[in-house]
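I have placed the structure first, in the form of structure tokens, so that the comments after it can refer back to it.
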Protein chains: 2
Amino acid sequence: MRKNMPEIYNLIQELSWYFGNQGFDGQCCGDLSLVEFMALKKVHKEDDITIQEIGSALNITKSGASKVIDRLENKAYVLRKQSAADGRVCCVAITGKGIEAITKIAERYTDYVDGMLKNFEPDAVDNVKNVLEELVNSVRKQGFIKSI
Amino acid sequence: MRKNMPEIYNLIQELSWYFGNQGFDGQCCGDLSLVEFMALKKVHKEDDITIQEIGSALNITKSGASKVIDRLENKAYVLRKQSAADGRVCCVAITGKGIEAITKIAERYTDYVDGMLKNFEPDAVDNVKNVLEELVNSVRKQGFIKSI
DNA sequence: CCCACATAGTTTCCACTGTCAACTATTATA
DNA sequence: TATAATAGTTGACAGTGGAAACTATGTGGG
């Protein structure tokens, strides 16, 4: 095992706790839970995304994904429409209200991050961004941690 | 709003998703959920910690914390004992089995992190560690994100 | 062209979680 | 000593996601 790895793991896990479900009392903003918000972000980034794609992006089953989308649809943040190419496929699209919600929440988080880094020099901020980009690239490449 | 903040926030959130509850299908290792594991880590770091301290460290209610400790105690990973100084206070201590479990899980995560960083030069690894330390110090200072 | 099979999504049943509020037990205070 | 404050537990409850069965649509071999 290489040097520093246990420390790095502990640091990532602690940081993640603050940005995870427990970080904000179950509601990330208004009426959205964290999964709902993450799913909404996916839909925002990739319009006409399918249920399964959402599920695998978030590491939940298609059954779970279907329910997350149910909730988002009930709140009028997304719309389901049948794919023209394949009648089985359900294309999910974000609504104006959805974009509004996502924007507001992202602002709130960004404020929080801004507060975190308020004493960082511009160079240090750039370095933070670069490190995080490299870490995120790595986790994307590795995929989710497999449970035993 | 300063430059890079939205990007940094998005990167942290994506990274956190991989290390959060969804990152490993609800079970982080063997028979522990993520909250249970985080609570166990707290107990390990600070022996004779109280229920409320665990709750506030993890941002859950004392009721929730009590149940997490219930589960850990049923699995024989921790022990409850009454405080000698104050009969109301419940000191929680980790057992040998608990230490074993925590060690095994930490190893698994550390392997994963090691895989993430396998192509990083030693200097880059040090830089990652420093950045994460600074970020964690910042979140500790700011505390949990308040929901609206 | 039809039937078997594959695939996308939904639904039902279920177990797990954490909160709220009420409760018990203990300690502090006036 | 009576009252209030505090630590922790418990019961009722709602939210959540998984497994498996189900529906509906598409595909391919005969």
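Every chain is numbered from 1 and lettered A, B, ... according to where its sequence line falls, protein lines coming before strand lines. Below, all heavy atoms of this structure are taken into account, side chains as well, without hydrogens, waters or symmetry copies.
- For the pair Gln82(A) CD and dG26(D) C1', the computed distance is 12 Å after rounding to whole Å.
- Residue Asp86(A) contributes atom CG, which lies 16 Å from atom P of dA24(D) at whole-angstrom precision.
- Checked against the 6.0 Å centroid criterion, the rings of Phe19(A) and Phe19(B) do not qualify as a close aromatic pair.
- If you take CG on Leu132(A) and CG on Leu135(B), they are separated by 6.0 Å, rounding to the nearest 0.5 Å.
- One finds no side-chain N or O of Thr61(A) lying less than 4.0 angstrom from the OP1 or OP2 phosphate oxygen of dG17(D).
- Rounded to whole angstrom, the span from the CD atom of Gln52(A) across to the C1' atom of dA6(C) amounts to 12 Å.
- Under the 4.5 Å side-chain heavy-atom criterion for ILVMFWY residues, no single connected hydrophobic cluster contains both Val89(B) and Val68(B).
- Within the 4.0 angstrom heavy-atom criterion, only backbone atoms of the sugar-phosphate kind lie near Glu36(A); the bases stay farther away.
- A straight line from CD1 of Ile51(A) to C1' of dT25(D) spans 16 Å, rounded to a whole angstrom.
- Taking the side chain of Val89(B) as heavy atoms from C-beta on, and the options dT17(C), dA7(D), dG9(C), the nearest nucleotide is dA7(D).
- When the side-chain nitrogen and oxygen atoms of Arg80(B) are compared with OP1 and OP2 of dT9(D), one or more of them lie within a distance under 4.0 Å.
- Evaluation of atom-type donor-acceptor distances gives a pair under 3.5 Å for the side chain of Ser63(A) against the base of dA19(D).
- Looking at Asp70(A) and Arg80(A), a side-chain N of the basic residue comes within less than 4.0 Å of a carboxylate O on the acidic one, giving a salt bridge.
- If you take CG of Leu34(A) and P of dG15(D), they are 17 Å apart, rounded to a whole angstrom.
- Contact check of residues 64-77 of chain B against DNA chain D (heavy atom, cut-off under 4.0 Å) returns Ser66(B), Lys67(B).
- Put simply, CZ on Arg88(A) is 14 Å from P on dT10(C), counting in whole angstrom units.
- Ion pairing between a basic and an acidic side chain is recognised when a charged N comes within 4.0 Å of a carboxylate O; Arg71(A) and Glu36(A) show such pairing.
- The nearest whole Å value for the distance from the CG atom in Leu32(A) to the C1' atom in dT16(D) is 15 Å.
- Between Glu14(B) and Arg140(A) there is a salt bridge, since at least one side-chain N of the basic residue sits less than 4.0 Å from a carboxylate O of the acidic one.
- Atoms CZ (Phe37(A)) and P (dG15(D)) sit 21 Å apart, rounded to a whole Å.
- Within the nucleic acid shown, Thr50(B) comes within 4.0 Å of sugar-phosphate atoms alone, with no base atom in reach, counting heavy atoms only.
- Within 6.0 Å of the NZ atom in Lys45(A), the count of heavy atoms belonging to other residues, nucleotides or ligands does not exceed 12.
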